[in-house]
Amino acid sequence: MRHSRYVWVLGLSLFCLITIVTFRTPQTVISALSDSHYGNSPRATIQHFWVLMDLRQTDLARDLLNLPVGSPDENEFSTWETRLNKDPLLSLQKVEFMNADLNSTTSQAVVVRVYWTSPVQDVQRVMFSINLKQTEKGWRIVRIKKMNNLS
């Protein structure tokens, strides 16, 4: 009976591995296994970007960006990088997605509201329009623009 359990576990593991490879390209599977933060969706990429910003790991957050040098989008990122590095008490509270449909496979425009909190300030709500594009390294942010809060 003991050997039978091992055979079932081995068979189930092989079935799961074959299922994963069948439904995803090998490149996606290998990328996901080698880099646990590989986002196969725009939502995962945006959430990971803001978590990295909250952790003040701006060099890793910059790796998720594909912005032209000297563009207003890069200046927006630099502004937030400076703000977060100057205020160590500012922390991410929530990332709220305003778009309900995130199904595109090549490019995506997403509106998010990011909530920041601090013990010395009220909650800050900031809206961003973020454009993403699918690359061989996963989803990358190609545009980030601060929007006026609509409410």
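The side-chain tip of R113 does not point at the ring of F128 from less than 6.0 angstrom away and within 45° of straight on.
For the atom pair Q124 CD and D87 CG, the distance stands at 8.0 Å (nearest 0.5 Å). Distance check, rounded to the nearest 0.5 Å: OG of S129 to CG of N131 gives 5.0 Å. Interatomic distance, CD1 of I130 versus CH2 of W139, reported as 13.0 Å (0.5 Å rounding). Here CG of L90 is found 6.0 Å from OG of S118. Values are rounded to the nearest 0.5 Å. Taking CD of Q93 as the reference point, atom CG of D54 lies at 11.0 Å (rounded to 0.5 Å). One finds the OG1 atom of T79 at 10.5 Å from the CD atom of E74 (value rounded to the nearest 0.5 Å).
By the side chain to side chain contact (heavy atoms under 4.5 Å, CB included) test, T82 pairs with K86, sequence neighbours left out. The salt bridge (Lys or Arg N to Asp or Glu O under 4.0 Å) search around R83 returns none, not counting sequence neighbours. Scored by the salt bridge (Lys or Arg N to Asp or Glu O under 4.0 Å) test, D73 finds no partners at all (sequence neighbours excluded). When the salt bridge (Lys or Arg N to Asp or Glu O under 4.0 Å) test is applied to E81, the partners found at least two apart in sequence or on another chain are R62. Under the rule for a side-chain hydrogen bond (donor to acceptor under 3.5 Å, both in side chains), the partners of E76 that lie at least two apart in sequence or sit in another chain are W80. In this view, L65 and F49, L67, F77, I141 satisfy the side chain to side chain contact (heavy atoms under 4.5 Å, CB included) rule, not counting sequence neighbours. Partners of Q57 under the side chain to side chain contact (heavy atoms under 4.5 Å, CB included) rule, at least two apart in sequence or in another chain, are L52, L55, D59, L60.
In this structure, V114 and R125 have side chains that are not in contact, with every pair of non-hydrogen atoms separated by 4.5 Å or more. Counting heavy atoms from C-beta outward, I46 and L132 have side chains that approach closer than 4.5 Å. Looking at heavy atoms from C-beta onward, T19 lies in side-chain contact with F15 at the 4.5 angstrom threshold. Using a 4.5 Å cut-off on side-chain heavy atoms (C-beta onward), M127 and V112 make no contact. For the pair R140 and L64, the minimum side-chain heavy-atom distance is below 4.5 Å. Contact annotation: the side chain of Q47 approaches that of F97 to within less than 4.5 Å [non-hydrogen atoms, C-beta and beyond].
When hydrophobic side chains of Ile, Leu, Val, Met, Phe, Trp and Tyr are connected at separations under 4.5 Å, Y115 ends up clustered with V123.
Sorted by first and then second residue, the side-chain hydrogen bond (donor to acceptor under 3.5 Å, both in side chains) pairs with a member in residues 63-72 form an empty list; sequence neighbours excluded.
Linking ILVMFWY residues whenever their side-chain heavy atoms come closer than 4.5 Å, directly or via other members, places L92 and M53 in the same cluster.
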